[in-house]
Amino acid sequence: MKISRLQELLDAKVLCCEENLGKHVYSAFGCDLMSDVLAYVTDQAVLLTGLVNPQVIRTALMMDMVCIIFVRSKAPNEEMIELAKENGIVMMSTNKTLYNTCGILYSNGLIGTAEVPK
Amino acid sequence: MSDKLVFRFDVQGDDFTSAGQASVQVKKNLRQLGFDTEVIKRVSIAMYEGEINMVIHAGGGTAEVSVTEKYIEIILEDKGPGIEDIEKAMQAGYSTAPDSIRSLGFGAGMGLPNMKKNSDSMEIESKLGEGTRIVMKVNI
């Protein structure tokens, strides 16, 4: 799904890297625990989170994630926006909750990353 | 090998928000050197997890990344409290991180297992009260 489509569906505000709205994401991972993002994300996914600190951006960067969506109207600070800009990561903020954000994207065809091994 | 490329970093231990800067730099350097994206990702994840661990548990340390013909080697060294039970620490979900770290999104007990998963070899030497040295290799 194109990042621009995510923005439309969530009525999200784009915070940086608007020039990359044409890029695609193939799955999504919704989580406030960066440890799990580092352990389980496998493909070019969008990160949906309510956690706001620079480690969110660094985690996304390590995982080659191209888009971060902050839920519940959370807003990153200037330092985080700079870090995302330097690395071309699109950041957006939506007033929707994590649950509703996941539901909207899933019902529009964006699947989650693979299940965690049992 | 005499012509290996080495990057060295001091990892500051006093500020969690800046943790991971060395890993970001290494990722950049490896991209510039044109390595395969999967190799870069594995090195990045393994080093980032290790760097975060050094900041959480050991008050910082040093990181050294060497690029050789066959593999990329990451050496993380700290003078922290050491790991009491390495076998336990390697179990997914086992964590001694404080709640303050968990509220920042880390400390779930996934770090060491994830470092092992993303490297082709990993050795841990640790002495209580003296520190920890971890050597990871990712084949190219």
Side-chain angles (χ1 to χ4, degrees), chain A residues 23-27 29-45 47-66 68-72 74-89 98 113-118, chain B residues 11-12 15-31 35-53 55-56 74 91-97 99-119 138:
Chain A
K23 283 191 177 175
H24 284 82
V25 291
Y26 301 100
S27 65
F29 199 81
C31 192
D32 286 354
L33 191 55
M34 295 302 110
S35 295
D36 278 2
V37 177
L38 288 163
Y40 299 129
V41 172
T42 49
D43 36 22
Q44 191 172 322
L47 176 60
L48 315 169
T49 188
L51 184 73
V52 184
N53 68 44
Q55 302 306 345
V56 175
I57 323 292
R58 293 199 189 98
T59 298
L61 179 59
M62 294 305 143
M63 303 310 290
D64 296 331
M65 296 172 112
V66 290
I68 301 170
I69 297 175
F70 294 98
V71 299
R72 305 188 295 274
K74 302 285 179 193
N77 61 21
E78 263 318 300
E79 183 198 350
M80 294 172 66
I81 292 176
E82 272 313 305
L83 190 56
K85 266 188 192 166
E86 276 170 32
N87 294 285
I89 297 173
L98 181 58
T113 55
E115 300 291 329
V116 169
K118 278 184 183 167
Chain B
V11 176
Q12 302 300 325
D15 179 15
F16 184 76
T17 58
S18 66
Q21 285 177 341
S23 304
V24 171
Q25 189 57 47
V26 164
K27 181 153 197 163
K28 239 181 229 169
N29 293 354
L30 295 178
R31 270 185 182 159
F35 280 102
D36 174 68
T37 50
E38 205 46 41
V39 169
I40 296 176
K41 195 168 166 184
R42 294 181 72 207
V43 171
S44 304
I45 295 171
M47 180 170 171
Y48 183 57
E49 292 272 23
E51 202 183 339
I52 294 274
N53 272 349
V55 175
I56 296 175
I74 307 154
Q91 289 171 11
Y94 178 82
S95 174
T96 58
D99 284 346
S100 59
I101 292 299
R102 290 173 205 238
S103 68
L104 293 168
F106 289 88
M110 303 301 293
L112 284 171
N114 205 24
M115 286 156 73
K116 191 176 171 67
K117 189 178 101 185
N118 283 286
S119 53
V138 174

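Within every chain, numbering begins at 1; the chains are lettered A, B, ... in the order of the sequence lines, protein sequences first and strands thereafter.
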Between chain A and chain B, which N and O donor-acceptor pairs fall under 3.5 Å? A table would be great.
residue	atom	partner	partner atom	Å
A:M34	N	B:G105	O	2.7
A:S35	N	B:G105	O	3.1
A:L38	O	B:N114	ND2	2.9
A:A39	O	B:K117	NZ	2.8
A:N53	ND2	B:L104	O	3.1
A:Q55	O	B:Y48	OH	3.3
A:Q55	OE1	B:Y48	OH	2.6
A:Q55	NE2	B:F16	O	2.6
A:Q55	NE2	B:A19	O	2.9
A:R58	NH1	B:T17	O	2.7
A:R58	NH1	B:A19	O	2.8
A:R58	NH2	B:T17	O	3.4
A:T59	OG1	B:Y48	OH	3.4
A:L61	O	B:K27	NZ	2.8
A:M62	O	B:K27	NZ	3.0
A:D64	OD1	B:K27	NZ	2.7

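When all heavy atoms of B:I45 and A:L38 are compared, the closest pair comes out as CG2-O, 4.1 Å. For the pair A:M62 and B:V24, the tightest heavy-atom approach, listed with the atom from each and the gap, is CE-N, 3.5 Å.
Residues forming a side chain to side chain contact (heavy atoms under 4.5 Å, CB included) with A:V71 (at least two apart in sequence, or on another chain): A:T94, A:L98, A:T101.
Of the atoms belonging to A:L51, it is side-chain heavy atoms, and not backbone ones, that fall under 4.5 Å from chain B. No part of B:I40 comes within reach of chain A, as not one of its non-hydrogen atoms sits under 4.5 angstrom from that chain.
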